[in-house]
Amino acid sequence: MSDNTEQQVMALAGLFQACAMVEKLAKTGVCPQVPYRASVESLFVQNPKDTLEVYGSLQGIQLGFEALSELLHDHKSTQLNDCLKYSLGVLHLQKKLAKQRDMLDIIGNRVAQAASQAGHFESVHENVIGNIADIYSDTISTFRYRVQVSGDFNLLQQKRVANQIRALLLAAIRSATLWRQLGGSRLQLVLSRAKLLESTENLHKQALKEAP
C-alpha cells in the first residue's frame with residue numbers, strides 16, 4: 001500500500017463514504033453499520049502508520065469505493081447528487097478549518113476525550129456519538145458556511161439522526177484533511193480522474209475479497 005495514489009483514494013473513499021451515509025440517514029433514518037463504525041472510528045486514529053490503519057481495513061471503506069467509483073465514472077450522476085454536494089461542502093469547510101489552529105487543537109483534545117469514552121462504552125454508542133456531534137456543533141458549525149443536509153424533515157428533527165449526521169460530517173472532514181495531507185487537490189480530481197478511477201476499482205476488488 002505504498003503507492004501514493006492508493007493512499008489518496010482510500011482517504012477520498014473515507015470522505016465519500018461518510019457523506020453517502022449522511023445522505024442515507026437524512027432520507028431513511030438508517031445506514032449500514034460496518035462502514036458507519038469504520039467512519040466513526042477513523043476519528044480516533046491520530047498517528048497512523050499509513051492510510052489503511054485509519055479505516056481498519058479496505059472492507060471498512062467498501063461503501064466509499066462504490067460511491068467514489070460511481071462519481072468518477074459519471075460526476076453528473078443524479079443517484080449520488082447529495083453525496084457529491086456534501087463532499088464538496090466538506091472540502092470547503094476543511095480548507096477553512098486548516099487555517100484555524102486554535103479550533104484544530106480544541107477538536108483534537110475533545111476527540112481524544114471521545115476516544116477514551118468509546119473505550120468505556122463502544123465507538124458507536126449513542127453517548128459517544130452525541131459527544132462527537134457536540135464537537136462538530138461547537139466548532140465546525142460556527143463557520144458562516146455550513147453543509148446544508150436535505151432529506152426527510154421528520155427524520156432530521158430526531159436527535160439520534162442529527163447526532164449521527166454531525167458525527168459523520170466530522171469523520172468526513174478528518175478524511176478530507178488526510179487526503180490533503182497526502183497531496184490531494186480539487187484540480188487533481190479533474191486532471192487525474194482516470195488514474196484515480198483505476199486505483200479505486202482495484203482497491204474495491206481487494207475489499208470484496210476481504211469480505212467474509
Shared ILVMFWY cluster between [X] and [Y], side chains joined below 4.5 angstrom?
X: Val34; Y: Met21; value: no
X: Leu178; Y: Leu88; value: yes
X: Leu169; Y: Val30; value: no

**OP:** Let me see the working for Gln188 and Gln8 under side chain to side chain contact (heavy atoms under 4.5 Å, CB included), right down to the final yes or no.
**Re:** CA-CA 11 Å; Gln188 179 201 26; Gln8 290 178 349; 2.4 Å; yes

Check whether any side-chain heavy atom of [X] lies under 4.5 Å from a side-chain heavy atom of [Y], and answer yes or no.
X: Val128; Y: Glu122; value: no
X: Thr51; Y: Val9; value: no
X: Glu198; Y: Thr5; value: no
X: Ile129; Y: Tyr36; value: yes
X: Gln181; Y: Thr177; value: yes
X: Leu12; Y: Leu189; value: yes
X: Arg160; Y: Gln164; value: yes
X: Ile132; Y: Val111; value: no

For [X] and [Y], which heavy atoms make the closest approach, and how far apart are they?
X: Leu43; Y: Arg174; value: CD2-CB, 3.9 Å
X: Ala171; Y: Ser39; value: CB-O, 3.4 Å
X: Leu182; Y: Asn4; value: O-ND2, 3.1 Å
X: Leu155; Y: Leu25; value: CD1-O, 4.1 Å
X: Ala38; Y: Gly60; value: CB-O, 3.3 Å
X: Leu156; Y: Gly151; value: CD1-N, 3.9 Å

Rounded to the nearest 0.5 Å, what separation is found between the [atom1] atom of [X] and the [atom2] atom of [Y]?
X: Ile107; Y: Leu170; atom1: CD1; atom2: CG; answer: 6.0 Å
X: Glu201; Y: Gln206; atom1: CD; atom2: CD; answer: 13.0 Å
X: Ile165; Y: Gln158; atom1: CD1; atom2: CD; answer: 10.0 Å
X: Cys31; Y: Leu168; atom1: SG; atom2: CG; answer: 6.0 Å
X: Met10; Y: Thr200; atom1: CE; atom2: OG1; answer: 10.5 Å
X: Glu66; Y: Ile61; atom1: CD; atom2: CD1; answer: 11.5 Å

**OP:** Before giving the answer on side chain to side chain contact (heavy atoms under 4.5 Å, CB included), spell out for Glu126 and Asn163 the whole-Å C-alpha distance, their side-chain angles and the decisive distance to 0.1 Å.
**Re:** CA-CA 8 Å; Glu126 62 180 299; Asn163 282 348; over 6 Å; no

**OP:** Would you mind checking if Arg110 and Asp134 are paired as a salt bridge, meaning a charged N to carboxylate O distance below 4.0 Å?
**Re:** no

Original post:
Under a 4.0 Å N-O cut-off, is there an ion pair linking Glu23 with Lys27?
Top reply: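 Between Lys27 and Glu23 there is a salt bridge, with a charged N closer than 4.0 Å to a carboxylate O.
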
**OP:** Check the surroundings of atom CZ in Arg186: do more than 12 heavy atoms from other residues, nucleotides or ligands lie under 6.0 Å from it?
**Re:**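 Atom CZ in Arg186 is not crowded, with 12 or fewer foreign heavy atoms closer than 6.0 Å.
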
Test item: [X] side-chain N/O and [Y] main-chain N/O as donor-acceptor pair under 3.5 Å:
X: Glu53; Y: Lys49; result: yes
X: Asn127; Y: Phe121; result: no
X: Arg180; Y: Gln94; result: no
X: Ser69; Y: Phe65; result: no

**OP:** Write out all pairs satisfying ring-ring contact (aromatic ring centres under 6.0 Å, His included) with one or both partners inside residues 135-181, taking only residues at least two apart or from two chains.
**Re:** His92-Tyr145

Subject >> side chain to side chain contact (heavy atoms under 4.5 Å, CB included) between Ser150 and Tyr86, worked out >> reply: CA-CA 10 Å; Ser150 52; Tyr86 302 151; 3.5 Å; yes

Subject >> Sequence-distant partners of Ser175, side chain to side chain contact (heavy atoms under 4.5 Å, CB included), two or more places apart >> reply: Leu15, Tyr55

Subject >> Partner residues of Ser137 under the side chain to side chain contact (heavy atoms under 4.5 Å, CB included) criterion, sequence neighbours left out >> reply: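 Checked Ser137 against side chain to side chain contact (heavy atoms under 4.5 Å, CB included); matches are Arg166.
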
Do [X] and [Y] get their side chains close enough for a donor-acceptor pair, meaning under 3.5 Å?
X: Ser199; Y: Glu6; answer: no
X: Asn131; Y: Gln117; answer: yes
X: Gln62; Y: Gln17; answer: no

